[in-house]
2 protein chains.
Amino acid sequence: MGRKRLQPTADGRPTVHTVAARAGVSIASASRVLNGVGGSPETVRKVREAAAEVGYVPNAIARSLQSQRTGLVALAVADIGNPVYVAMMRAVEAVVAASGRQLLVHATGGDVAGEISLLRRLAHRYVDGMIVSPIRITDHHLEAMVVSPVPVVVVGQLPDDAPVDNVRTDSRAGVGLAVDHLLAAGRRRIGFLNGPLDTVPGAVRDAGFRAALASHGITVDENLIEVGDFQYAAGRAAATRLLARAEPDALLCANDLIAVGALHALLSEDRRVPQDVALVGMDDTELAQMAFPQLSSVSLGSADRGRRAAELLLERIAEPDLPPRRAHVAPSLVVRASSTPGGTPRPAAPSQPGDPVPAPGRTAGLARAAGTEPVTAPTEVI
Amino acid sequence: MGRKRLQPTADGRPTVHTVAARAGVSIASASRVLNGVGGSPETVRKVREAAAEVGYVPNAIARSLQSQRTGLVALAVADIGNPVYVAMMRAVEAVVAASGRQLLVHATGGDVAGEISLLRRLAHRYVDGMIVSPIRITDHHLEAMVVSPVPVVVVGQLPDDAPVDNVRTDSRAGVGLAVDHLLAAGRRRIGFLNGPLDTVPGAVRDAGFRAALASHGITVDENLIEVGDFQYAAGRAAATRLLARAEPDALLCANDLIAVGALHALLSEDRRVPQDVALVGMDDTELAQMAFPQLSSVSLGSADRGRRAAELLLERIAEPDLPPRRAHVAPSLVVRASSTPGGTPRPAAPSQPGDPVPAPGRTAGLARAAGTEPVTAPTEVI
DNA sequence: TTGTAAGCGTTATCAC
DNA sequence: GTGATAACGCTTACAA
């Protein structure tokens, strides 16, 4: 560098200097007018005119360097193709956009190393804050979050003493809702298709399943449990394996992708759903409504969690010294055709076109009067 | 400001100054070492040591201000929940990440005004470039793109003389592939479920459908055409309307979401797919494989288009003075159970867990020998 | 190789 | 109200 050129930028675009010169005022005055603070009517006019003439647009980077904020917020999820994250993303986007910021989406692929390096990169301060929903969580994650100069909010389970903002749901209880429902419907041999046990969701669901059966005095039959991945193909394969060695009358799936996979495994073996095998998914994504028959699913309030996470993040950005907070979203069960006794019902009426909110079926809330609509799951902050 | 404080940053984080002071060298030397250019072995050691001790991380914003690049690339799509965009997003992400950049995803909701303001905001230079896939395209779009100081690549149809990098597919021909296939299978009353005609994809598909029928000497029966939205619920509703007034033996749908909606409309009226009504979708998304029976679908190479768009963008970022380029991705038809004569076949074997690439069925390429795998659709740049 | 200093484009301070 | 100028944190020409 070292060349003197204070007028337009290198590529010829106007800067405050350009505008100021053209308006015949100092850059300070120009800047003030451009930001709507101060300036005599005459100055305002001249600057506005000059700016319009040259097509001035402020450089967001220079502004960020000065203001120490970028107006960007990041969301890191494992699988951008999983509808549960799409729902979360939409909710986050809405809150973030409403605050005038923009959302940066990272797809981590569930890769631990990648996630950690992402967290560490926060130190570069390219975003004002980050929401992360890790499916595995290590000490490195925690350390990177604590050390990070920009606020982080975690969606998902976290050690109780972790000094990080956190919004969670009780997926363990969610599994319990599904088990209760299936048992109440008279099912006795409930199969369980889970994701990897070394992930947080996988481990919690496994514990929840065993606890739920135990609470009903039922011994766990390991033959009825299959572990695969949180994906359609893996779910289908897992269901096929399970069906080859056991005779379940119900299948509980750790998410909706697995459930749709299981549905197709069942259909391709000519098992009727729900007559022969009842099916319940988790996450209550759009997929659950787009399956045929429509899937009962445990709602973990992903949109709500996203919304709360975004709110917590924005609050912390505004007030960095807040103590760590924790928000809860209660799970609920949305019952649809796939687990409704009495034949294959017709699919429910289509919801509003473009409506991102699941059309509710019957709902069995956790701490909620039966029949209450799961419009907005209650959230509370401890 | 105006306060002299050249050591750490306002919130106490180390800067080059901190490192330089600690290492006992000038900030220039510190910067050089940190960037791996120059420096005597002794200096390098001292600076590295100092940087590690204070936990120095460069400020990306300051760096951007200097380098005039942010390392961010944006992708703007209408509906982040539509699997076709998910596929595109993944492909873009891969290319972008490989270049060491990060991807910023905007969900425009198909809102024209929002899209244009997004394009205009590019002038703020917060990203190094943008890929946009508008479903409606106006003169304002074009003007904003031409005026934009940062490169824009459009995925989708564009006026031929628009001086903008562009990757497109021939969805008109794609519709033709589907019509040919259905006619060859002996279907004669082909219904068509389209999206809005005032969108580019909707208009092109409509033209394609009519042209394809005409080329076979078939007169269009307007009763067999329904227009809704590019969504599941709308597709289902449209199919229901169409079935109420006509008796199609095949249904061609403008995308896979509509097709899944139509599938459920058919199933809920006890029509067998494909025996009574053959079904073909478009976009060949994951949804097509996740439906039961699996959906035949016209692949428009969304992943490929995303990849090409990202490549074009990166090339232009590197070389801004390139003439406008245009890349093509050929459509192909992936035939699956939903349009295969001879009963409801079992769904195909599950693809690799986590495999983002659709498991190919039989393929009828456009300019390709029959039976060739649609591994990577051929792309050519004019 | 090293240090000095200019400059990226903006906002904020402080005298006038 | 206005203008000169420092500062945000970094890179880099240029001279030593």
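Every chain is numbered from 1 and lettered A, B, ... according to where its sequence line falls, protein lines coming before strand lines.
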Contact check, residues 39-59 of chain B vs DNA chain C, heavy-atom distance under 4.0 Å, returns B:G39, B:S40, B:T43
Check your understanding: Within the pair A:Q68 and C:dT11, is there a side-chain N or O less than 4.0 Å away from OP1 or OP2?
Key -> no
Hits for side chain to side chain contact (heavy atoms under 4.5 Å, CB included) against A:E311, two or more places apart or cross-chain, chain-then-number order -> A:V95, A:R307, A:R308, A:E315
For a quick test of reading the model: is some side-chain N or O of B:R63 closer than 4.0 Å to OP1 or OP2 of D:dT11?
yes
Sequence neighbours excluded, the answer for salt bridge (charged side-chain N to carboxylate O under 4.0 Å, His left out) partners of B:D165 is B:R316, B:R325
Atom pairs and distances, side-chain donor-acceptor, residues 99-107 of chain B, under 3.5 Å, sequence neighbours left out:
residue : atom : partner : partner atom : Å
B:S99   : OG   : B:V96   : O            : 2.8
B:S99   : OG   : B:R101  : NE           : 2.9

Rounded to whole Å, OH of A:Y126 lies from P of D:dC10 at a distance of 13 Å
Residues of residues 24-37 of chain B with a heavy atom under 4.0 Å from any atom of DNA chain D, listed by number, are B:I27, B:A28, B:S31, B:R32, B:N35
Here the salt bridge (charged side-chain N to carboxylate O under 4.0 Å, His left out) pairs for residues 15-36 of chain B, sequence neighbours left out, are B:R22-B:E53
Across all chains, not counting sequence neighbours, the salt bridge (charged side-chain N to carboxylate O under 4.0 Å, His left out) partners of B:E42 are B:R45
Atom CG of B:L65 and atom C1' of C:dA6 are separated, to the nearest Å, by 13 Å
Rounded to whole Å, the CZ-C1' distance (B:R13 to D:dG9) equals 13 Å
Practice task
May I ask you to decide if A:V154's main-chain N or O and A:N166's side chain share a donor-acceptor pair within less than 3.5 Å?
Solution key: yes
Heavy-atom closest pair (A:T108 atom, A:A76 atom, distance to 0.1 Å) is CG2-CB, 4.0 Å
Here the distance between atom P of C:dT10 and atom CZ of A:R69, to the nearest Å, is 18 Å
The complete set of salt bridge (charged side-chain N to carboxylate O under 4.0 Å, His left out) pairs with one or both residues in residues 67-78 of chain A, sequence neighbours excluded, reads A:R69-A:D128
Sorted by chain and residue number, the side chain to side chain contact (heavy atoms under 4.5 Å, CB included) partners of A:V200 (sequence neighbours excluded) come out as A:I137, A:Q157, A:V204
With sequence neighbours left out, the residues meeting side chain to side chain contact (heavy atoms under 4.5 Å, CB included) with A:P163 are A:V146, A:P324
Sorted by chain and number, sequence neighbours left out, side chain to side chain contact (heavy atoms under 4.5 Å, CB included) with A:L122 holds for A:L119, A:V127, A:M130, A:S148, A:V150, A:V152
With five pairs defining each end axis, the helix from C:dT1-D:dA16 to C:dC16-D:dG1 comes out bent, to 10°, by 40°
I'd like to know if B:Q66 reaches the base of C:dG7 with its side chain, counting only an N/O donor and acceptor under 3.5 Å. yes
